[in-house]
Amino acid sequence: MKIVALAGGVGGAKLVDGLARLLSPDELTVVVNTGDDFNHLGLRICPDLDTVCYTLAGLANPTTGWGRSGETWNALEQLARLGGPTWFRLGDLDLATHLERTRRLKAGDALSRVTRDFCAAWGVRHPVLPMTDQVFETWVLTVEHGWLPFQEYFVRHACEPVVKGFEFRGAESARPAPGVLEAIGAADAVVVCPSNPWVSIDPIFKVEGIKQAIQGCPVRVAVSPIIGGKAVKGPAAKMYAELGIEPSALAVARHYTGRLTGFIFDREDSQYMSDISALGIRAVVLDTLMKTNEDRVNLACKVLDFCALNQTGIRRS
Ligand code: GDP
């Protein structure tokens, strides 16, 4: 079965890793949010792309979920000593990625090309595509500070400001990166990973043509990032609450209304089964918390089963 997975950073990367352990590079393409990308210290930083690639390469820091394992912080310490900005933590190993990416982009290479070459260098065999090669910026409207670029909200202000809304600047002119529409067009199923619906998945749908291409795929399945009314990590639940929506698996299913054929949510939230089914989508409860590599593979396996079930009505053996 050919799968396209839509992913943000930490939550998305975990399921993508499970899928990559089960599917060949011909069967899995990952499309990654780039709305979080920004310029910092003169460098182009692509947090979600790097999280997905480091995870697939086995280079990710297992504790944080982002950044590199075995990281050192010499450059950042020296930067602090010089009075430079250190709110966005860049380790020494990670810096090489941003330095070389920035050099390549300045020389005229597209982000998708650079990502492909980095993946080859890291031994990542599954195609990882940025959603777009163009600038596309997620901005967060906050009560305290007005409009903030995403990383200012997320890292500098540690997600503390109260959220009033989002804006995706550049969305009108951004085009899908090479290979994105082709991969979706050839997919048997699109899997929306358990990433933040507001700021990791919605941006991907906002890129001209991607939403329509996904609607053309017969099977479209999402995994809820909200378990027991809480985000496993990050501000997804807080965002729902601040926007006046009770955070829950049901809220996520409603968020994606019209975009999905199937929805996977945690066993802990089984009370929502009838409400979610009433949205006209096939729903299933599973253990969706991925603490170990084994959890990732188990969930990925069940996601594939569910996609097959959506496709044929017959459960895979
Ligand atoms: P970010 O860009 O690094 O914030 O990453 P994502 O948007 O991909 O992931 C954040 C979301 O992943 C949060 O809403 C978490 O609740 C969700 N998440 C993280 N780990 C898990 C997990 O093990 N299971 C599920 N179901 N969701 C998870």
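Read the numbers this way: they start at 1 and go in the same order the structure lists the ligands and their atoms. Just so it is clear, the structure is predicted and the values come from calculations on it, not from any experiment.
For the residue pair Asn61 / Tyr54, no side-chain donor-acceptor distance below 3.5 Å is found, with atom types taken as modelled.
Taking only nitrogen or oxygen atoms, main chain and side chain alike, Ala13 does not reach within less than 3.5 Å of ligand 1. Taking only nitrogen or oxygen atoms, main chain and side chain alike, Ala231 does not reach within less than 3.5 Å of ligand 1. Polar contact check, Ile227 against ligand 1: no nitrogen or oxygen pair lies under 3.5 Å apart. The distance criterion of under 3.5 Å between nitrogen or oxygen atoms is not met by Ile226 with respect to ligand 1. Ligand 1 has no nitrogen or oxygen under 3.5 angstrom from a nitrogen or oxygen of Val223. The shortest N or O to N or O distance between Phe154 and ligand 1 is not below 3.5 Å.
Looking at atom 13 (C) of ligand 1, its nearest protein heavy atom turns out to be Lys233 O, 3.0 Å.
Exactly one of Tyr153, Phe150, Phe136, Phe88 qualifies for a ring-ring contact (aromatic ring centres under 6.0 Å, His included) with Phe38. That residue is Phe88.
Ring orientation note: the planes of Tyr240 and His255 are nearly perpendicular, at an angle over 60° on the 30°/60° scale.
Annotation: cation-pi pair Arg89/Trp66 absent, no NZ/CZ under 6.0 Å from the ring centroid and within 45° of its normal.
Residue Ser224 touches ligand 1 through its backbone alone, judged by heavy-atom distances below 4.0 Å.
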